[in-house]
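Take a look at the structure below.
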Amino acid sequence: MTAIYDSIGLNYAELRKPDARIASAIMAAVGPCQSVINVGAGTGSYEPTDRHVMAVEPSIEMIRKRPANAAPAIQASAEDLPFDEGSFDAAMAILTVHHWQDKPKGLRELRRVARDKVVLLTFDPASRPWLTDYIPELALLDEAQMPSITEYEKWLGPVQIEPLPIPYDCSDGFLYAYWRRPQAYLDVRLRSGSSSFWALPDVSAGIARLGDELASGEWARRYANLLECDAYDAGYRLVVTVD
């Protein structure tokens, strides 16, 4: 089995450190569920540490990067989970749905193996964070790979969808996490923590424009309101099934 993060996950453990505030929101959504399957688990970010957890990850390289004390992990895909119906209280999938080959099938698999609830952290492709002003290709990529936020109910049944504002000093370097630290996007190493930058062939023009406007002060003038914010709705959403 080959997976995208076999090749692009080089700096993942270093750049994608889980943020405690995001973790708290995810755990609140998981609630009292005691057994959890984490699908697209990567290196184990946001996995509960006080529950029985089974991790599922298609990339063997990401499994190898999991800490020694992480939950057990198997190499498998979301679309074909090797577990019986209702094997877990909850299923979670954090910033991973956009990588799945067959998203409806993967989401139905999560619903199949979860007795109680499914918890997703995903992105609303209708959102337009400021970075897309400089790199509009990101918005096109979001639309191409992210399900519409209205589609989750079709595949999971009734869901509650809530915005997850991103703190200004978020420790997890996902795509739009650096919203109040725009200089970070000039650093190719920091950009390597996001699969979107691997997917786009050339973002040099947009990055150069951003660099010029940071140097001139135009970025600070244009987005002055963001500099006063402690958190920002960058389009990330918690999707939780409800009875």
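These numbers come from a predicted model, not from an experiment.
In the hydrophobic clustering of ILVMFWY residues, with side-chain heavy atoms under 4.5 Å counting as a link, Val203 and Tyr185 come out together. Hydrophobic clustering (side-chain heavy atoms under 4.5 Å, transitive across Ile, Leu, Val, Met, Phe, Trp, Tyr) keeps Val113 apart from Met92. When hydrophobic clusters are built by joining Ile, Leu, Val, Met, Phe, Trp and Tyr residues whose side-chain heavy atoms come closer than 4.5 Å, directly or via intermediates, Ile149 is not grouped with Leu121. Hydrophobic clustering (side-chain heavy atoms under 4.5 Å, transitive across Ile, Leu, Val, Met, Phe, Trp, Tyr) groups Val30 together with Ile22. Residues Ile74 and Ile94 fall into different hydrophobic clusters, defined by Ile, Leu, Val, Met, Phe, Trp and Tyr side chains chained together at heavy-atom separations under 4.5 Å.
Arg209 and Glu213 are joined by a salt bridge, as a carboxylate oxygen and a charged side-chain nitrogen come within less than 4.0 angstrom of each other. Salt-bridge formation is not detected for the pair Glu162/Arg237: no Lys NZ or Arg NE/NH1/NH2 atom is positioned less than 4.0 Å from an Asp or Glu carboxylate oxygen. Ion pairing between Asp169 and Arg21 holds under the 4.0 Å rule for side-chain N and carboxylate O. Using a cutoff of 4.0 Å between basic side-chain nitrogens and carboxylate oxygens, Asp124 and Arg128 are not scored as salt-bridged.
Not counting sequence neighbours, Arg108 has no partner by the salt bridge (Lys or Arg N to Asp or Glu O under 4.0 Å) test.
The side-chain heavy atoms of Phe174 and Leu15, taken from C-beta on, include no pair separated by under 4.5 Å. Looking at Pro167 and Asp19, their side chains come closer than 4.5 Å, going by heavy atoms from C-beta outward. Inter-residue side-chain proximity for Ser196 and Gln145 is flagged as met; some heavy-atom pair is nearer than 4.5 Å. Counting heavy atoms from C-beta outward, Arg66 and Glu47 have side chains that approach closer than 4.5 Å. Counting only heavy atoms from C-beta outward, the side chains of Leu107 and Val97 approach each other to under 4.5 Å. Between Ser195 and His98 the shortest side-chain heavy-atom distance falls below 4.5 Å. Contact annotation: the side chain of Arg180 approaches that of Asp230 to within less than 4.5 Å [non-hydrogen atoms, C-beta and beyond]. Residues Cys229 and Leu227 form no side-chain contact, since every pair of their non-hydrogen atoms from C-beta on lies 4.5 Å or further apart.
Remark: the backbone N or O of Ile166 is paired with a side-chain donor or acceptor of Trp179 at under 3.5 angstrom. Counting only distance, with no hydrogens or angles, the side chain of Ser171 and the backbone of Pro18 share a donor-acceptor pair below 3.5 Å. In terms of modelled atom types and a separation under 3.5 Å, the side chain of Trp219 and the main chain of Leu210 share no donor-acceptor contact. Looking at Lys117, its side chain does come within 3.5 Å of a backbone N or O of Ala29 through a donor-acceptor pair. Formation of a donor-acceptor pair under 3.5 Å by the Arg181 side chain with backbone atoms of Cys170 is found in this model. No donor-acceptor pair under 3.5 Å is formed between the side chain of Arg111 and the backbone N or O of Val118. Looking only at distances, no side-chain donor or acceptor of Glu57 sits under 3.5 Å from a matching main-chain atom of Met62. Within the 3.5 Å criterion, the main-chain N or O of Trp100 finds a donor-acceptor partner in the side chain of Lys103. Of the possible donor and acceptor atoms, none in the side chain of Gln160 sits under 3.5 Å from a partner among the backbone N and O of Val240. Judged by distance alone, with hydrogens and angles left aside, the side-chain atoms of Ser194 form no donor-acceptor pair with the main-chain N or O of Arg191 at under 3.5 Å.
Note that the CG atom of Leu214 and the CG atom of Leu186 stand 5.5 Å from one another [nearest 0.5 Å]. Here the CG-CD1 distance, from Asp202 to Ile207, works out to 10.0 Å after rounding to the nearest 0.5 Å.
A ring-centre distance under 6.0 Å is found for Phe123 and Tyr176.
Here the closest non-hydrogen pair linking Pro67 and Thr43 is CD-O, 3.3 Å. Closest heavy-atom contact between Met27 and Pro48: SD-CG, 3.6 Å. Here the shortest heavy-atom pairing between Thr96 and Gly40 reads OG1-CA, 3.6 Å. The nearest pair of heavy atoms linking Ala234 to Ser127 is O-CB, 4.1 Å.
Listed by first and then second residue, the ring pair (Phe, Tyr, Trp, His ring centres under 6.0 Å) pairs involving residues 142-168 amount to none (not counting sequence neighbours).
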(Q) Let's go through Leu200 and Leu141 carefully: what are the C-alpha distance in whole Å and the side-chain angles of both, what is the deciding distance for side chain to side chain contact (heavy atoms under 4.5 Å, CB included) to 0.1 Å, and is it a yes or a no? (A) CA-CA 8 Å; Leu200 296 177; Leu141 181 64; 4.2 Å; yes
**Q.** Residues Tyr223, Asp133; criterion side chain to side chain donor-acceptor pair (under 3.5 Å); working and verdict
**A.** CA-CA 11 Å; Tyr223 303 106; Asp133 294 344; 2.6 Å; yes
Q: Could you check Phe197 against Leu175 for side chain to side chain contact (heavy atoms under 4.5 Å, CB included), going step by step and ending with a plain yes or no?
A: CA-CA 8 Å; Phe197 284 114; Leu175 178 57; 3.5 Å; yes
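Tyr46 and Asp172 are linked by a side-chain donor-acceptor pair at a separation below 3.5 angstrom, with hydrogens and angles left out of the test. Under 3.5 Å, the side chains of Tyr232 and Asn225 contain no donor-acceptor pair of N or O atoms.
Ring-plane geometry between Trp130 and Tyr134 is classed as perpendicular, the angle between the planes exceeding 60 degrees on a 0 to 90 degree scale with a lower cut at 30.
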Kindly list each side-chain donor-acceptor pair under 3.5 angstrom involving residues 80-90, sequence neighbours excluded, with atom names and distances?
| residue | atom | partner | partner atom | Å |
| --- | --- | --- | --- | --- |
| Ser87 | OG | Asp84 | N | 3.1 |
| Ser87 | OG | Asp84 | O | 2.6 |
| Asp89 | OD1 | Arg115 | NE | 3.2 |
| Asp89 | OD1 | Arg115 | NH2 | 2.6 |
| Asp89 | OD2 | Gln34 | N | 3.0 |
| Asp89 | OD2 | Ser35 | N | 3.2 |
| Asp89 | OD2 | Ser35 | OG | 3.4 |

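The side-chain contact (heavy atoms from CB on, under 4.5 Å) with Leu238 is formed by just one residue from the set Thr122, Leu120, Ile26; it is Ile26.
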